[in-house]
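To start, the structure itself, in structure tokens.
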2 protein chains.
Amino acid sequence: MLDERKQKILKAIIDDFIITAEPVGSRTIARKYNIGISPATIRNEMSDLEEMGYLEQPHTSAGRIPSDKGYRFYVDFLMKLRKLTPEEIKNIKDVSLYKKINGIEELLEQTTKVLSQITRYTSVALGPQLKKTTLKHLQLVPVENKRVLMVIVTNSGLVEHKLLSLPKNVTESDLERVSNIINDKLSGLAIGDISDDVISNVKKEIIGFSSDVFDMAIEFLLKNLQIYTDSKLFLYGTTNIFNLPEFRDIEKARNFLSILEDKELLCEILSNSFMSKDIVITIGSENKYQEIKNCSVITTTYKINGKTIGSIGVVGPTRMEYSKVVSIVRFLSENMSQLISKILNN
Amino acid sequence: MLDERKQKILKAIIDDFIITAEPVGSRTIARKYNIGISPATIRNEMSDLEEMGYLEQPHTSAGRIPSDKGYRFYVDFLMKLRKLTPEEIKNIKDVSLYKKINGIEELLEQTTKVLSQITRYTSVALGPQLKKTTLKHLQLVPVENKRVLMVIVTNSGLVEHKLLSLPKNVTESDLERVSNIINDKLSGLAIGDISDDVISNVKKEIIGFSSDVFDMAIEFLLKNLQIYTDSKLFLYGTTNIFNLPEFRDIEKARNFLSILEDKELLCEILSNSFMSKDIVITIGSENKYQEIKNCSVITTTYKINGKTIGSIGVVGPTRMEYSKVVSIVRFLSENMSQLISKILNN
DNA sequence: GTTAGCACTCTCTTATGGAGAGTGCTAAAA
DNA sequence: TTTTAGCACTCTCCATAAGAGAGTGCTAAC
């Protein structure tokens with residue numbers, strides 16, 4: 001473990017580097033952060049810290065920059081959470097005043113926008129995951145001859161619809177019968193759990209008393225139920241990275257933006273936070289995916305009816321203002337959960 | 001008007017510049033494009049073309065580059081439409097094989113993806129505009145106590161839904177009555193035409209025989225009808241610009257990407273093509289909006305049931321491969337219209 | 001254990017001097 | 001009158017060099 005003086009020096013270096021983005025030298029530390037020792041002593045300590053893996057040196061005669069291990073120590077033990085400014089709080093609170101918020105998706109859109117604006121990084125959110133919710137109600141609405149609208153309502157108040165084309169005409173009462181059977185058999189199941197097995201069981205029962213039109217209809221319906229498992233992605237502030245010196249290199253910027261274009265990758269990254277209760281901070285090489293090994297990700301989850309259903313977070317360079325971002329993400333996630341229950345229960 | 005030799009030279013310069021992105025000199029033209037005159041003569045002609053506004057010179061001792069006026073002349077009179085390669089055709093046709101295409105939005109998503117991949121520019125599409133379609137059917141589905149699901153079906157087979165929370169409980173038969181009145185009064189109207197006037201007219205009739213709960217319910221419904229007018233935007237290949245030398249300057253790239261983040265601006269830009277029957281090419285300063293005055297946009301529309309309902313296109317530098325992109329966009333838009341009618345009528 | 005002094009290293013910026021590409025002009029050729 | 005060859009001139013781009021600046025590591029003294 002690091003002794004107190006080493007910790008102080010490490011903290012000073014990281015704090016400074018987060019602000020300046022320049023390698024930090026011993027003189028700077030001695031001058032700006034009065035620890036009461038001379039640059040020479042600091043140099044010795046820095047040399048130790050480098051050997052222990054907390055710092056790195058871009059080249060021989062440069063100052064030090066934090067390694068991922070250094071950031072990890074900083075995040076776990078050293079940083080002091082920054083209080084939100086009144087302005088930041090106002091911005092987050094104001095999300096609820098935005099007139100277009102009529103559902104969770106509008107809320108997410110506004111929230112990611114605010115998140116990127118006040119952090120000045122790129123924000124990402126994963127929409128409510130249908131497969132994590134349970135089926136509450138399924139309704140079949142006749143539209144015209146062979147067209148039927150399937151509406152799914154889940155226990156978290158989410159609604160999805162799908163327009164189906166059946167191979168033959170089906171009467172309204174037939175539709176109602178199918179609805180009833182499905183509701184009877186499947187409601188209460190998590191949508192992700194509606195497997196082929198379950199489906200073929202339901203199918204068997206229906207065969208007992210119905211025509212083959214009926215049979216085809218339900219098969220089609222059930223097949224579609226399963227497709228509805230990919231969730232929407234919200235993204236904001238992608239161009240914020242151009243303010244950061246680490247992305248002044250066009251190839252770095254390109255690489256970063258390529259990540260943001262890869263929806264699947266982003267979903268995977270965001271899903272990581274589903275396990276944890278609170279905020280998840282992933283620093284550089286700690287990321288599972290090669291593409292973002294020089295980025296840090298800070299995510300948290302949001303809940304509907306007490307159940308974790310999606311996540312939201314920030315992507316940026318490893319030199320991230322962790323203290324600020326963590327505070328903001330935490331506050332914003334609390335605010336969001338409140339707003340969600342307000343939206344769903346008003 | 002330009003004489004034939006000037007046209008030949010202009011075409012050669014633009015063709016060359018589109019490939020190389022370097023100012024084109026008289027010697028290059030004489031060597032690569034055998035027009036049968038010496039560099040000196042070409043220089044004189046180039047000087048004329050510059051004076052007439054078709055060419056520009058980055059600095060005294062550089063070759064010439066096309067001006068926006070030059071590109072306009074090229075696009076209108078000089079360029080030969082390039083035939084699609086078998087591979088390009090295959091890529092476009094294969095859109096229909098993608099398994100997830102169950103509706104217009106999935107189709108648009110796949111199509112923009114393919115468009116950006118084969119053009120190597122950024123592709124954009126505007127989703128079906130609800131306000132341009134007419135209301136066919138409105139259904140109110142009871143979900144639980146005060147919750148009601150409103151489903152809108154339009155004449156183009158588009159469906160939208162919205163979960164409403166009513167201030168008081170409403171019985172199922174009341175809901176049905178409201179549905180009937182709304183369908184009676186509003187179906188057949190373009191959704192964009194459902195104005196406050198129309199709404200208050202409907203409201204008056206309802207007041208005649210219904211309670212105030214009823215009144216509030218319908219007001220709420222109708223207010224929501226109008227919100228449903230902003231349409232979805234599809235974007236793909238934003239990072240393609242990093243392959244282009246004109247965006248090697250970080251500020252240029254940033255500016256371009258900022259445009260793509262401004263959804264409203266993109267919608268406006270794409271809406272421009274709604275007037276025209278065919279493909280619309282907008283070159284650099286021809287653009288209405290300051291932000292994209294150094295970009296070119298090539299768009300076309302797609303139809304549902306013969307009615308223009310959305311648009312799709314490509315955004316790139318003014319030095320765009322117009323000939324290639326126009327061919328691709330045209331073919332792709334035809335293909336799309338076919339697929340749409342297949343999706344809606346299968 | 002801590003500090004001052006100093007030589008050394010590496011980057012970054014600025015200046016310099018061709019090389020290269022292309023033009024415009026002039027005068028000769030067609 | 002139109003076209004072309006020749007040539008001086010201009011501007012960019014690139015490589016090289018030099019010097020400033022920042023910071024280190026080491027040694028020896030405190």
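By convention in this document, chain letters (A, B, ...) are assigned in the order of the sequence lines, proteins followed by strands, and residues within each chain are numbered from 1. Remember, predicted model here, so these are calculated numbers, not experimental data.
In this structure, the separation between CD1 on Ile312(B) and OG1 on Thr300(B) is 9.0 Å, given to the nearest 0.5 Å. Distance CD1/Ile241(B) to CG/Leu244(B): 7.5 Å, rounded to 0.5 Å.
Dense packing is recorded around CD of Glu88(B), with more than 12 heavy atoms of other residues, nucleotides or ligands lying under 6.0 Å away.
A straight line from CD of Glu51(B) to C1' of dG24(C) spans 13 Å, rounded to a whole angstrom. Separating the CG atom of Asp48(B) from the P atom of dG24(C) is a distance of 11 Å, rounded to the nearest angstrom. With rounding to whole Å, Arg64(A) atom CZ is found 12 Å from dG23(D) atom P. The distance from atom CZ of Arg27(B) to atom P of dG24(C) is 16 Å, rounded to the nearest whole Å. Taking atom CD of Glu22(B) as the reference point, atom P of dT12(D) lies 14 Å away to the nearest angstrom. When rounded to the nearest whole Å, the span between CG of Leu55(A) and P of dT24(D) equals 11 Å. In this structure, Ile65(B) atom CD1 and dT12(D) atom P are separated by 14 Å, rounded to whole Å. Distance CG (Asp16(B)) to P (dG22(C)): 10 Å, rounded to an integer number of Å.
The ring of Phe247(A) has its center no closer than 6.0 angstrom to the ring center of Phe242(A).
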Q: Just do the side-chain hydrogen bond (donor to acceptor under 3.5 Å, both in side chains) check on Arg319(A) and Asn294(A) with the steps written out, would you?
A: CA-CA 9 Å; Arg319(A) 182 187 68 86; Asn294(A) 55 1; over 6 Å; no
Q | Sequence-aligned protein contact record of nucleotides 3-12 of chain C, with B where the base is within under 4.0 Å of a protein heavy atom and S where only the sugar-phosphate is | A | BBB---BBS-
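Contacts of Glu50(B) classified as side-chain hydrogen bond (donor to acceptor under 3.5 Å, both in side chains), with partners at least two apart in sequence or in another chain: Arg64(B).
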